[in-house]
Amino acid sequence: MRSPHFTLEHETFRAEVRAFLAAEVTPHAARWDEEGSVPTRVWKSLGQRGWLGLAHPEEAGGGARDLFTSVVFLEELGRTGFGGLRAAVSVHAYMATHYLARFGGPELMRTHLAPAVRGDRISALAITEPGAGSDLSGLSVTAERVGDLLVVDGVKSMVSNGMTADFLVVAVRTGPAGRGPRGATGLSLLVVDTDLPGVTRVQQRTLGWRSAGTAAITFRAVRVPADRVVGRLDHGFYYLMRGLQLERLVAAVLAVGGAERALDDLCAFLRKRSAAGTALAERQALVHQIADLSTDLAATRQLIYHTAWLYENGELPAVECSMAKLRATELACRVADTSLQFQGSHGYLEESSAARGHRDARAATIAAGPSEVLRDLIGRARLNRPDTPASPAGEA
Ligand SMILES: Cc1cc2nc3c(=O)[nH]c(=O)nc-3n(C[C@H](O)[C@H](O)[C@H](O)COP(=O)(O)OP(=O)(O)OC[C@H]3O[C@@H](n4cnc5c(N)ncnc54)[C@H](O)[C@@H]3O)c2cc1C
């Protein structure tokens, strides 16, 4: 669908990304799902093209491109139909490294962000713990100051890229849990290299996103230089609240890209397959559902583009980011479910793209904020919004 947000330059870039992914990535991605990771050469290849640092500053080797360039890249990544791949790349390029680019100083930019942009070092974001996910005030991994070190203890779980990452951006407790004017207090973000003594990782088998190498990571007296704190000590909650908005927007773009791909695949199936002498594509009961999904996709896309436009223009549109993520990820589940249903037993085979799409779509309504948490946020924002005064009687 055409949109005023995209220039000719964006569309040229889209064609380049699509061609690369179709030739070099999509044909192999099912194997990477089986292997549980995206190979090193793919990271390097993406890095060489500048696609791991599209939004990052030029000082770190990034492209400092506008947000809609990233939207194009993420839509195309979503369109591959491989959730593990899109999670791995987006967590690296838009989540973990985002904190370094936005809040890290020049030294972290040199030591960690620049190699990540080149695809030489892979990153992951470790917030969730076995005992706390949505509720950041419940995080318990500690980082205790000892001289010029921070000593980290505790366990993180559900870390995408966790098995392959060279470094982690970890949410750690550096002060007592509490609430201040800027939200939960006592949290910091800390960059931890995964080859440090005391870091151990165990693969977590997940329903979908299989090539994202999800891991539970244990830290036992891990000694990290104190200058690896991202930004200011105890400001982690504030940074996370900002980063989460981008995370939700990115999740929405990826979901809509994945849903477009699933719908394209379904339409191709319906055109080819016939039952009782009639192509399935002629069955009104099916055609009308395709119409509804297409319409919802078009509307969701516009919500996402509007949110991206607000973000690009300096706002932090928390409600719109939540709405976009809620709407896009739930719609992607609906598309995936319909696709599987309309492909009958073909869709139910484990190796089918419909089955993989179903598994992969499901993850996105949980990661980066479950739908229920988003609904809570959106609903409360609406309820707390002051009423718009009604126009006086008789006035048009
Ligand atoms: C595939 C996948 C990849 C992930 N990757 C990462 C990663 O790379 N790094 C990372 O740190 N984390 C990652 N996560 C974890 C993810 O961010 C958490 O799962 C999410 O924040 C929810 O936390 P939780 O699972 O602990 O669920 P909980 O917080 O325990 O919540 C359980 C359920 O309770 C309900 N609920 C919770 N709070 C509320 C509320 N306030 N209002 C209403 N209902 C509520 C929701 O239905 C929610 O699903 C990933 C998760 C998945 C599924």
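For clarity, every value in this text was computed on a predicted model and none was experimentally measured. Computed over heavy atoms, backbone and side chain alike; hydrogens, waters and symmetry mates excluded.
Side chain of Asn384 to main chain of Arg380: a donor-acceptor pair is present (N/O by atom type, distance under 3.5 Å, no hydrogens or angles). Formation of a donor-acceptor pair under 3.5 Å by the Asn161 side chain with backbone atoms of Ala88 is found in this model. Checked by atom type and distance alone, the side chain of Thr26 never pairs as donor or acceptor with a backbone atom of Thr80 at under 3.5 Å. Between the side chain of Glu320 and the main chain of Thr307, no donor-acceptor pair closer than 3.5 Å is present. The backbone N or O of Gly147 sits less than 3.5 Å from a side-chain atom of Arg145, completing a donor-acceptor pair. In this structure a side-chain-to-backbone donor-acceptor pair under 3.5 Å is present from Glu129 to Ser140. Here the side chain of Arg301 pairs no donor or acceptor atom with the backbone of Val256 at under 3.5 angstrom. Using modelled atom types, one side-chain atom of Thr338 and one backbone atom of Arg334 make a donor-acceptor pair closer than 3.5 Å. At distances below 3.5 Å, not a single donor-acceptor pair connects side-chain atoms of Ser211 with backbone N or O atoms of Val38. A distance-only check finds no donor-acceptor pair linking the side chain of Lys156 to the backbone of Thr218 [under 3.5 Å].
Shown here is Gln341, whose CD atom has no more than 12 heavy atoms of other residues, nucleotides or ligands within 6.0 Å. By the neighbour-count criterion of 12 heavy atoms within 6.0 Å, atom CD of Glu312 is densely surrounded, having more than that number from other residues, nucleotides or ligands. Counting heavy atoms of neighbouring residues, nucleotides and ligands inside a 6.0 Å radius, atom CD of Gln203 exceeds 12 of them. No more than 12 heavy atoms of other residues, nucleotides or ligands sit less than 6.0 Å from atom CZ of Arg362.
Between Ser160 and Ala124 the shortest heavy-atom distance is O-CB, 3.3 Å. Here the closest non-hydrogen pair linking Val71 and Val253 is O-CG1, 3.6 Å. Considering all non-hydrogen atoms of both residues, Leu136 and Arg173 come closest at O-NH2, 4.0 Å. Considering every non-hydrogen atom in both Ala87 and Trp209, the closest pair reads CB-CE3, 3.4 Å. Counting all heavy atoms, side chain and backbone alike, Gly84 lies closest to Ala212 at O-CB, 3.7 Å. When all heavy atoms are compared, the tightest approach of Pro27 to Leu21 is CD-O, 4.0 Å.
Residues Leu74 and Val250 are in side-chain contact: their nearest non-hydrogen atoms beyond the backbone lie under 4.5 Å apart. Put simply, the side chain of Tyr311 reaches to within 4.5 Å of the side chain of Leu316, judged on heavy atoms. In this structure the side chain of Leu125 never reaches within 4.5 angstrom of the side chain of Val159, judged on heavy atoms. Proximity of Val170 to Leu189: side-chain heavy atoms (C-beta onward) are nowhere separated by under 4.5 Å. Within the 4.5 Å cutoff, side-chain heavy atoms of Leu374 are placed close to those of Arg248.
With values rounded to the nearest 0.5 angstrom, Leu280 atom CG is found 10.5 Å from Ile290 atom CD1. From Arg86, atom CZ reaches atom CG of Leu77 across 8.0 Å, with rounding to the nearest 0.5 Å. Atom CH2 of Trp309 is separated from atom CG of Leu67 by 13.0 Å, given to the nearest 0.5 angstrom. Here the CZ atom belonging to Arg232 is positioned 12.5 Å from the OG1 atom belonging to Thr174, to the nearest 0.5 angstrom. In this structure, the separation between CG on Asp148 and CZ on Arg223 is 9.0 Å, given to the nearest 0.5 Å. The CE atom of Met163 lies 6.5 Å from the CZ atom of Arg201; values are rounded to the nearest 0.5 Å.
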Kindly determine whether Trp43 and Leu52 satisfy side chain to side chain contact (heavy atoms under 4.5 Å, CB included), including the steps that lead there.
CA-CA 8 Å; Trp43 289 106; Leu52 297 178; 4.1 Å; yes
Please report the C-alpha distance between Arg210 and Asp360 in whole Å, then the side-chain angles of each, then the deciding distance to 0.1 Å, and finally whether the salt bridge (charged side-chain N to carboxylate O under 4.0 Å, His left out) criterion is met.
CA-CA 8 Å; Arg210 292 179 180 173; Asp360 285 349; over 6 Å; no
Residues Asp195, Val199; criterion side chain to side chain contact (heavy atoms under 4.5 Å, CB included); working and verdict
CA-CA 7 Å; Asp195 60 0; Val199 177; over 6 Å; no
In sequence, state the C-alpha distance, the side-chain angles, and the governing distance for Arg14 and Glu76, and then conclude on salt bridge (charged side-chain N to carboxylate O under 4.0 Å, His left out).
CA-CA 7 Å; Arg14 184 188 296 283; Glu76 293 305 315; 2.9 Å; yes
Using the side chain to side chain contact (heavy atoms under 4.5 Å, CB included) rule, take Met95 and Val169 through it: C-alpha gap first, then chi angles, then the decisive distance, then the call.
CA-CA 9 Å; Met95 297 172 197; Val169 175; over 6 Å; no
Evaluate Val151 against Val222 for side chain to side chain contact (heavy atoms under 4.5 Å, CB included), listing each step before the verdict.
CA-CA 5 Å; Val151 180; Val222 180; over 6 Å; no
For a salt bridge (charged side-chain N to carboxylate O under 4.0 Å, His left out) check, start with the C-alpha distance between Arg375 and Glu372, then their side-chain angles and the critical distance, and finish with the verdict.
CA-CA 5 Å; Arg375 282 199 167 82; Glu372 295 71 24; 5.2 Å; no
Walk me through it: do Phe82 and Trp32 pass the test ring pair (Phe, Tyr, Trp, His ring centres under 6.0 Å)?
CA-CA 10 Å; Phe82 286 89; Trp32 304 339; 8.1 Å; no
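Remark: the Ser371 side chain and the Glu330 side chain contain an N/O donor-acceptor pair separated by less than 3.5 Å. Checked by atom type, the side-chain pair Asp66/Thr69 shows a donor-acceptor distance below 3.5 Å. Side-chain atoms of Ser45 and Arg49 form a donor-acceptor pair, as typed in the model, at a separation below 3.5 Å. Using a 3.5 Å distance cut-off with no hydrogens or angles, the side chains of His112 and Asp166 do not pair a donor with an acceptor. Between the side chains of Thr97 and His56, at least one donor N or O sits under 3.5 Å from an acceptor N or O. Using a 3.5 Å distance cut-off with no hydrogens or angles, the side chains of Asp153 and Thr142 do not pair a donor with an acceptor. For the residue pair Gln343/Ser339, the side-chain donor-acceptor check at 3.5 Å is satisfied.
At a threshold of 4.5 Å between side-chain heavy atoms, the hydrophobic network of Ile, Leu, Val, Met, Phe, Trp and Tyr places Val89 and Leu54 in one connected group. With hydrophobic clusters built from ILVMFWY side chains whose heavy atoms lie under 4.5 angstrom apart, Val72 shares a cluster with Leu254. Transitive grouping of hydrophobic side chains (ILVMFWY, heavy atoms separated by less than 4.5 Å) brings Val191 and Tyr238 into a common cluster. Taken together through direct or relayed side-chain contacts under 4.5 Å among Ile, Leu, Val, Met, Phe, Trp and Tyr, Phe269 and Leu297 form part of one hydrophobic cluster. In the hydrophobic clustering of this structure, Ile127 does not group with Val229; members are Ile, Leu, Val, Met, Phe, Trp, Tyr whose side-chain heavy atoms approach within less than 4.5 Å, directly or through other members.
Remark: Arg65 is positioned above the aromatic ring of Phe13, its terminal NZ or CZ atom under 6.0 angstrom from the ring centre and at most 45 degrees off the axis. Under a cutoff of 6.0 Å and an axis angle of 45°, Arg121 and Phe167 do not form a cation-pi pair.
Aromatic ring orientation, His235 versus Tyr239: tilted (interplanar angle from 30° to 60°). Ring orientation note: the planes of His5 and Phe68 are close to parallel, at an angle under 30° on the 30°/60° scale.
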